[in-house]
Amino acid sequence: MADPALFEFLHTEMVAELWAQDPDPGPGGQKTSLLVLEGMGFRVGQALGERLPRETLTFREELDILKFLCKDLWVAVFHKQMDSLRTNHQVQAPLRLPGTLLCPQGTYVLQDNSFPLLVRMASGLQYLEEAPKFLAFTCGLLRGTLSTLGVKSLVTASVAALPACKFQVVIQKL
Amino acid sequence: MSRQANRGTESKKMSSELFTLTYGALVTQLCKDYENDEDVNKQLDKMGYNIGVRLIEDFLARSNVGRCHDFLETADVIAKVAFKMYLGITPSITNWSPAGDEFSLILENNPLVDFVELPDNHSSLIYSNLLCGVLRGALEMIRKPRCTADT
């Protein structure tokens, strides 16, 4: 049973390693590193999602899935629950083309007021620029778990002041 | 009531697998980034070293072990306290050198390799090399400086 501290140490080192490797320190290079971290998080999230017992996989509603992320997944990974979950459904008006209808897109905002991967860094506005690097993996983790649960999504994160952060989950309906 | 219990065990299981899965994703990524296994091994060792120099403080703060009097004691603490605390396993200590300055740790159940299969084209990859780096970094932080005069 791996100690939780190990994941934190490993994650920090991964961020440092992938950033150091980048030959292009400009915005273009940064994007690649963020994508790589997000991709790794995605694979881990998928695998974690696959290890859930059968019963958990039958969610009645989309909101149940998000609640699962906020409670069960967050507790398993970060040993605390998400502090708040807000929804912001945007319903698109149907196009006037026969046979097509735009489906409503669910947008959820998950807020963690003391995100464990940011807590050790700083409190307030210091290192605000660095914060995204430490959120990329977790965005991928959320997207990966959702993917295993049959939900396609786009997950981004934002930080206003450490160690609080928000994850925006936009469900993509096909 | 039983649903709560189920959730508890599932959380614990997911938590312990998180590190293993993340490590696997890291090694996979490194294999993509570097062309040969030797470079991946070196990178894992280097990353492990960086982790080790910070991990030792976490270990000392949480474990309350005193100063080790000799290398034998160090080996014991590594295997029975540190590995147990961080990975939940107790490797066996064997293969002591005649001079008593070298030993081997054998991990019967290495949690890092759960669910892992190495493809044939990575025969010289030392998958768990991060651990070597961690040990190296941690020990370097607490080694006694060589004293020329005995007190």
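Labels below follow one simple rule: chain letters A, B, ... track the order of the sequence lines, proteins then strands, and each chain is numbered from 1.
- With Asp39(B) contributing its side chain and Tyr34(B) its backbone, the two residues share no donor-acceptor pair below 3.5 Å.
- A salt bridge is defined here as a Lys NZ or Arg NE, NH1 or NH2 lying under 4.0 Å from an Asp or Glu carboxylate O, and Arg54(B) with Asp58(B) fails to meet this definition.
- For the set Pro111(B), Gly88(B), Ala25(B), the count of heavy-atom pairs under 4.5 angstrom toward chain A peaks at Ala25(B).
- Using a 4.5 Å cut-off between heavy atoms, Phe78(A) makes no contact with chain B at all.
- Between Phe134(A) and His11(A), the ring planes are tilted. Angles from 30° to 60° get that label.
- Both the backbone and the side chain of Tyr23(B) come within less than 4.5 Å of a heavy atom of chain A.
- Note that CE of Met47(B) is 5.0 Å distant from CD of Glu17(A), once rounded to the nearest 0.5 Å.
- Neither the backbone nor the side chain of Ile89(B) comes within contact range of chain A; no heavy atom of the residue lies under 4.5 Å from a heavy atom of that chain.
- Of the atoms belonging to His79(A), it is side-chain heavy atoms, and not backbone ones, that fall under 4.5 Å from chain B.
- Contact tally against chain B (heavy-atom pairs below 4.5 Å) for Leu6(A), Leu73(A), Val36(A): the top residue is Leu6(A).
- Of all the listed residues (Asn50(B), Val134(B), Leu112(B), Thr20(B)), the one sharing the greatest number of non-hydrogen pairs under 4.5 Å with chain A is Asn50(B).
- The aromatic rings of Trp96(B) and Phe71(B) sit perpendicular to each other, their planes meeting at more than 60°, with 30° as the lower class boundary.
- Surrounding NZ of Lys133(A) are more than 12 heavy atoms belonging to other residues, nucleotides or ligands, all under 6.0 Å away.
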